[in-house]
2 protein chains.
Amino acid sequence: MFLLKDLPEDRYVERFSQKYGPIEPKRLNLFLTVLRSGSDLLVELDNFLERFGLTHGRWITLVLLMREPDVSARPATLAEKQGVRRATMTGLTQRLEMDGLVRRIPDDEDGRSVRICLTEAGADLLQAIMPEYYRRVGDMTAGIPDEQVEAATMAINELNGRADLLSAP
Amino acid sequence: MFLLKDLPEDRYVERFSQKYGPIEPKRLNLFLTVLRSGSDLLVELDNFLERFGLTHGRWITLVLLMREPDVSARPATLAEKQGVRRATMTGLTQRLEMDGLVRRIPDDEDGRSVRICLTEAGADLLQAIMPEYYRRVGDMTAGIPDEQVEAATMAINELNGRADLLSAP
DNA sequence: TCAAGGTAATTAGCCAGCTAATCAATATTC
DNA sequence: GAATATTGATTAGCTGGCTAATTACCTTGA
């Protein structure tokens, strides 16, 4: 969760810029805008999913399973795709199983592993969520002009592609 | 933290779209891109700040104090500006005080309250961080064309302005 | 062939948000 | 001016990520 309601005013950045070197307020502002909006939207997404008894982490796990041809996968694969640790996936799938949304069955190809299968109930829940989700995202994005959609996606991807520069040695 | 490495492929969204109604993959993609990049950038920001013994929450508190004319503020104000609960701010300022970066002195205008003051050490730490931070954000954003910076900021703000539609009743 | 190292899942415990409940001080209203 | 409501900070306990360590199983190469 990001944490800054009021982004710095340009004149504030200008002052710093004079002290420390050239920084364009508009670019700093874009960076902060992505941080804050990402955080805000995530909170809203969680609020939306809460009605269905899910968090976005639990939801994405179900979505990933749904994308599989046989609606099942191994924890390590899911963790990789979802961008969480395997330890985290252990907890996620355990709780999803308790809620009857997935089933965990021993993997006969690899004795260390397990197959996570989407249950009927899990699939039904997704069927209930997805149309509503798409509709809402559609509504949210409806006011953005087409060119801006393209430009914004490109800009953010460019930014994200260099994200490692932020913490590079 | 958002959690989805691979955004859905357009053809996948198309399939859903046919089932459930019109959803433009490019717009869904923008939404997901903001979520994911916000999350990724936040992780990188935390990695960067870790070297200085800070998290982004601790850092923003210091920044907010620095912005005040008298480099001090009350916890409730800081919490408000930072977008966290007051209970969270209690913990943040307590730990910042332990590290000698702020001082908490009783407020003589309001007996319930406290003034959080940036210490010399806190100010020094910020002075060490900010130039580096601006430089890195500058580098990260350098490759984005000017028009895209503008367009992206507008688009994201438009999206964020409607964020409440996601969880509206 | 079997010892050594690698990989899968798990457990235990950390962290920094959160909410709910509490206590103290201030403001408001009758 | 006493009763009530509000506001500020705090505490306790929840959550869902995380890392590190453990256990079980697989794979490889001398």
Side-chain angles (χ1 to χ4, degrees), chain A residues 1-5 35-36 38-40 42-47 49-50 53-61 72-99 102-116, chain B residues 1-5 35-36 38-40 42-47 49-50 53-62 72-99 102 104-116:
Chain A
M1 183 176 303
F2 187 55
L3 314 136
L4 190 58
K5 282 275 182 221
L35 276 179
R36 190 180 52 182
S39 175
D40 289 354
L42 193 52
V43 170
E44 293 299 325
L45 179 59
D46 264 328
N47 289 343
L49 291 170
E50 194 181 8
L54 294 181
T55 61
H56 74 276
R58 284 157 62 83
W59 173 62
I60 289 174
T61 305
S72 79
R74 302 209 293 204
T77 314
L78 292 171
E80 164 85 14
K81 288 188 179 171
Q82 191 160 336
V84 300
R85 298 291 160 178
R86 288 183 200 167
T88 301
M89 190 50 68
T90 296
L92 273 173
T93 52
Q94 282 174 347
R95 274 169 274 136
L96 286 171
E97 181 169 48
M98 280 194 245
D99 292 351
V102 307
R103 213 179 353 254
R104 293 145 42 82
I105 55 182
D107 189 330
D108 27 69
E109 285 177 24
D110 187 332
R112 296 164 300 181
S113 194
V114 150
R115 285 207 77 82
I116 312 296
Chain B
M1 182 176 305
F2 186 55
L3 313 136
L4 191 59
K5 283 274 184 222
L35 276 179
R36 192 181 52 180
S39 175
D40 289 354
L42 194 51
V43 170
E44 292 299 326
L45 179 59
D46 264 329
N47 289 344
L49 291 170
E50 195 180 9
L54 295 180
T55 61
H56 75 276
R58 286 158 60 85
W59 173 63
I60 289 173
T61 305
L62 298 182
S72 79
R74 302 209 293 205
T77 315
L78 292 171
E80 165 84 14
K81 288 187 179 172
Q82 191 161 335
V84 301
R85 298 290 161 179
R86 294 211 269 257
T88 302
M89 190 49 69
T90 296
L92 272 174
T93 53
Q94 282 174 346
R95 273 168 275 135
L96 286 171
E97 181 170 47
M98 280 194 245
D99 292 350
V102 307
R104 293 144 43 84
I105 55 183
D107 189 330
D108 28 70
E109 284 175 25
D110 187 331
R112 296 164 299 183
S113 193
V114 149
R115 283 207 77 82
I116 311 296

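Computed from a prediction, not measured in an experiment: that's the story for all the values here. All chains are named by letter (A, B, ...) in the order of the sequence lines, taking the proteins before the strands, and each is independently numbered beginning at 1.
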Atom CG of B:Asp46 and atom C1' of D:dG17: how far apart are they, to the nearest Å?
12 Å
If I take atom CD1 in residue A:Ile105 and atom C1' in nucleotide C:dA9, what distance separates them, rounded to the nearest angstrom?
16 Å
Can you see which heavy atom on A:Ser113 is nearest to which on A:Arg74, and at what distance?
OG-CD, 3.1 Å
Can you tell if the side chain of A:Pro75 reaches within under 4.5 Å of the side chain of A:Ile116, non-hydrogen atoms only?
yes
What nucleic acid atoms does A:Gly57 come within less than 4.0 Å of, heavy atoms only: base, sugar-phosphate, or nothing?
sugar-phosphate
Integer-rounded Å distance: D:dG8 P and B:Arg115 CZ
13 Å
Side chain of B:Thr55 only, heavy atoms from C-beta on: which candidate in D:dT10, C:dT10, C:dA16 is closest?
C:dA16
When you match A:Asp110 and A:Arg86 each to their closest nucleotide on DNA chain D, which lands nearer the 5' end?
A:Arg86
Whole angstroms only, please: what is the CG-P distance between A:Leu92 and C:dA9?
13 Å
Atom-pair distance (CD on B:Glu80; P on D:dA9), nearest Å:
12 Å
So what does A:Thr90 hit on the nucleic acid, given a heavy-atom distance under 4.0 Å: a base, only sugar-phosphate, or nothing?
base
Round to the nearest Å and state the distance from A:Ile116 atom CD1 to C:dA8 atom C1'.
12 Å
Among D:dT10, C:dT10, D:dA9, the one nearest B:Arg104 by side-chain distance:
D:dT10
How long is the line joining CG of A:Leu78 and P of C:dT10, in whole Å?
12 Å
Side-chain N,O (A:Gln82) to OP1/OP2 (D:dG17) below 4.0 Å:
no
Mind checking B:Asp107 for me? I need base, sugar-phosphate or nothing, with any heavy atom below 4.0 Å counting as a touch.
nothing
5'-most contact on DNA chain C: B:Val84 or B:Gly111, nearest heavy atom basis?
B:Val84
Strictly below 4.0 Å: does A:Arg85 bring a side-chain N or O up to OP1 or OP2 of D:dG17?
no
Compare all side-chain heavy atoms of B:Met89 with those of B:Thr61 and state whether any distance is below 4.5 angstrom.
yes
Sorted by position of nearest nucleotide on DNA chain D, 5' first, the leading residue of B:Thr93 and B:Arg112 is B:Arg112
A:His56 vs B:Leu35 side-chain heavy atoms within contact, under 4.5 Å:
no
When rounded to whole Å, the CE to C1' distance for the pair A:Met89 and C:dA9 reads 12 Å
B:Ala87 vs B:Arg95, nearer the 5' end of DNA chain C by closest nucleotide:
B:Arg95
So does B:Gln94 get a side-chain nitrogen or oxygen closer than 4.0 Å to the phosphate oxygens (OP1/OP2) of D:dA9?
no
Taking the side chain of A:Thr88 as its heavy atoms from C-beta onward, which of D:dC18, C:dT10, D:dT11 lies nearest to it?
D:dC18
Could you go step by step and tell me if B:Thr77 and B:Lys81 meet the side chain to side chain contact (heavy atoms under 4.5 Å, CB included) rule?
CA-CA 6 Å; B:Thr77 315; B:Lys81 288 187 179 172; 4.2 Å; yes
